[in-house]
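Here is the structure we will look at.
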Amino acid sequence: MSAPAPSPLAIVEVDPAHTPERQGEVLTDAALTFVAELHRRFTPRRDELLARRAERRAEIARTSTLDFLPETEWIRADNSWKVAEAPAALNDRRVEITGPTDRKMTINALNSGARVWLADFEDASAPTWENVVSGQLNLIDAYERRIDFTDAASGKSYALKPAEELATVVMRPRGWHLEERHLQFEGRPVPGALVDFGLYFFHNARRLLDLGKGPYFYLPKTESYLEARLWNEIFVFAQDYVGIPQGTVRATVLIETITAAYEMEEILYELRDHASGLNAGRWDYLFSIVKNFRDGGAKFVLPDRNAVTMTAPFMRAYTELLVRTCHKRGAHAIGGMAAFIPNRRDPEANEQALAKVRNDKDREAGDGFDGSWVAHPDLVPVARASFDAVLGDKPNQKDRLREDVSVSAADLIAIDSLDAKPTYQGLIDAVQVGTRYIEAWLRGLGAVAIFGLMEDAATAEISRSQIWQWVDAGVVFENGEKATADLVRTVAAEQLAAIRAEIGEDAFTSGKWQQAHDLLLRVALDADYAEFLTLPAYEMLV
């Protein structure tokens, strides 16, 4: 075979200080030619689907309701179809750890004892060029077993355990809405999803097959079965392009938008030869509810985010429907995140938090989920114990069909069934967490420890969206204060001053605190609600 011609993609260079020295190992002509072909073939359809999102949002604004699709009723009624059988490496998913693809996390996640590592290029990774390229390099190095890490502060060294003890990688690319400005075709940025998927698939598909695994993916921010169909078309093309068997790819779809919750069976149907399962999360799902029903009146106003647990009636409807849907079609149902970060300095608080994690994972296992997420290696044994108690030696409980579950279209958006209201402290918390997360994101950190929890971009999205919703709805808090733009600005200024006093002037001025404060106010108060805060935030990244 002759050498590939130079790629038609232009690499928009950044400051050399932020360019990985081994960038050329990832951005080969052959890999970039593949990404360019993905862009040529599939970006036009992606653009159409983003436009369709806007049209659907306008329809929800007009009707304040959603329903299961009449045009796809035949898919839901046909009990004969199933998704492809799970490969051995993905048959037991009882504990999955999530996190970004920096070098230390790559080693720790693979070594964690979890069955799966969600290697995240999306919400847990700020998409600086350095993070995008280095993350790809770290995964290649891990598969080649040439990865190690020494912590400069502690001197502690990290290395991989034996291959049979490592987690199976399921990689999450960016959502459809994000661009990658550092790779351009005829002056236009390539969608970040195609960059992340394309580089990873091209470099690792055959390598993973040689390791007895495969190219497995989590698909984020999906809003319709048509978006799942696009991914399926990409998988078919990509497998043919590199010459591996059709069906080698497996995809798990995050049902983290309210519109996707009405199309779960259709999403599995579109991906059925490549589908592995569905995942039920919380923060992005609540963010999607606010985004879509933000002008729906008082019955759609959410209380403080921590008051909306997975036991809320509309959240129970969502999770139980997901389990029933997955098991009816032979797919895995994966539960939500335990974001708690263990604190060995406070044993009492630690045990209280771990008890909440155990209760949450016991509930998921009891409801029929086949596995669940954790954000910290210390939580792996806690979650595993909950699923071991239900599964025993079985790899999953897909045989538990949950035919007792019956969920109506109205159940999924019965937000007013929750007996809780927004509070003034909830406003303060939203401003605090939003500011702290955005500041870290602007410095290139996507997974951030805040007040004992590991937070990602979904945290900032729900925080700023709740502020927007409460101001728009004119919520009156329990202390008599009304949610107004002026009140939010006052709280934000107070919290910024408190942070300055807490961390000191040097740390404050060397950080991105003022920019984070300003951006939070922009996306929380602008009349024109930003679809994703990461869109304006990305313009501020290196």
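Nearest heavy atoms, W468 versus A527: CZ2-O, 3.7 Å. Contact between P127 and R174 at its shortest, heavy atoms only, is CB-NH1, 3.6 Å. Among all heavy-atom pairs drawn from L302 and W470, the shortest one is O-NE1, 2.8 Å.
Side chain to side chain, S276 and R93 meet the donor-acceptor criterion of an N or O pair below 3.5 Å. In the model, N204 has a side-chain atom that pairs as donor or acceptor with a side-chain atom of R207 under 3.5 Å. Side-chain contact of T72 with E266: a donor-acceptor pair under 3.5 Å is present, judged by distance alone. Side chain to side chain, S112 and N108 fail the donor-acceptor criterion of an N or O pair below 3.5 Å.
The ring-ring contact (aromatic ring centres under 6.0 Å, His included) search around Y225 returns none, not counting sequence neighbours. Partners of R145 according to the salt bridge (charged side-chain N to carboxylate O under 4.0 Å, His left out) rule, which considers only residues two or more places apart in sequence or in another chain, do not exist here. For D123, the salt bridge (charged side-chain N to carboxylate O under 4.0 Å, His left out) criterion is met by K221, not counting sequence neighbours. Residues meeting the ring-ring contact (aromatic ring centres under 6.0 Å, His included) test with H39, sequence neighbours left out: F185. Partners of T128 by side chain to side chain donor-acceptor pair (under 3.5 Å), not counting sequence neighbours, listed by chain and number: N131. For the salt bridge (charged side-chain N to carboxylate O under 4.0 Å, His left out) test, no residue two or more places apart in sequence or in another chain qualifies with R522. Under the side chain to side chain donor-acceptor pair (under 3.5 Å) criterion, D526 pairs with no residue at all, not counting sequence neighbours. Take H182 and apply the ring-ring contact (aromatic ring centres under 6.0 Å, His included) test, not counting sequence neighbours, and it matches W129. The ring-ring contact (aromatic ring centres under 6.0 Å, His included) check on F197 picks up F201, F217, W231, F235, with sequence neighbours excluded. Legend: residues meeting salt bridge (charged side-chain N to carboxylate O under 4.0 Å, His left out) with K161, ordered by chain and number and at least two apart, are absent.
Remark: E144 CD is packed, more than 12 non-hydrogen atoms of other residues, nucleotides or ligands lying under 6.0 Å away.
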Please list every donor-acceptor pair under 3.5 Å in which a side-chain atom of residues 528-542 meets a protein atom from a residue at least two apart or in another chain.
{"unit_1": "Y529", "atom_1": "OH", "unit_2": "S465", "atom_2": "OG", "d": "2.7"}
{"unit_1": "Y538", "atom_1": "OH", "unit_2": "E180", "atom_2": "OE2", "d": "3.2"}
{"unit_1": "Y538", "atom_1": "OH", "unit_2": "R181", "atom_2": "N", "d": "3.1"}

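Within the structure, side chain to side chain donor-acceptor pair (under 3.5 Å) contacts touching residues 430-447 (residues at least two apart or in different chains) are Q432-Q495, R436-E502, E439-R443.
Salt-bridge formation is detected for the pair R188/D47: a Lys NZ or Arg NE/NH1/NH2 atom is positioned less than 4.0 Å from an Asp or Glu carboxylate oxygen.
The aromatic rings of F34 and F237 lie parallel to each other, their planes meeting at an angle below 30°, with 60° marking the opposite boundary.
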Residues D295, R57; criterion salt bridge (Lys or Arg N to Asp or Glu O under 4.0 Å); working and verdict: CA-CA 11 Å; D295 30 30; R57 219 310 284 180; 3.1 Å; yes
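A cation-pi arrangement is found for R272 relative to Y269, the charged atom lying closer than 6.0 Å to the ring centre and inside a 45° cone about the ring normal.
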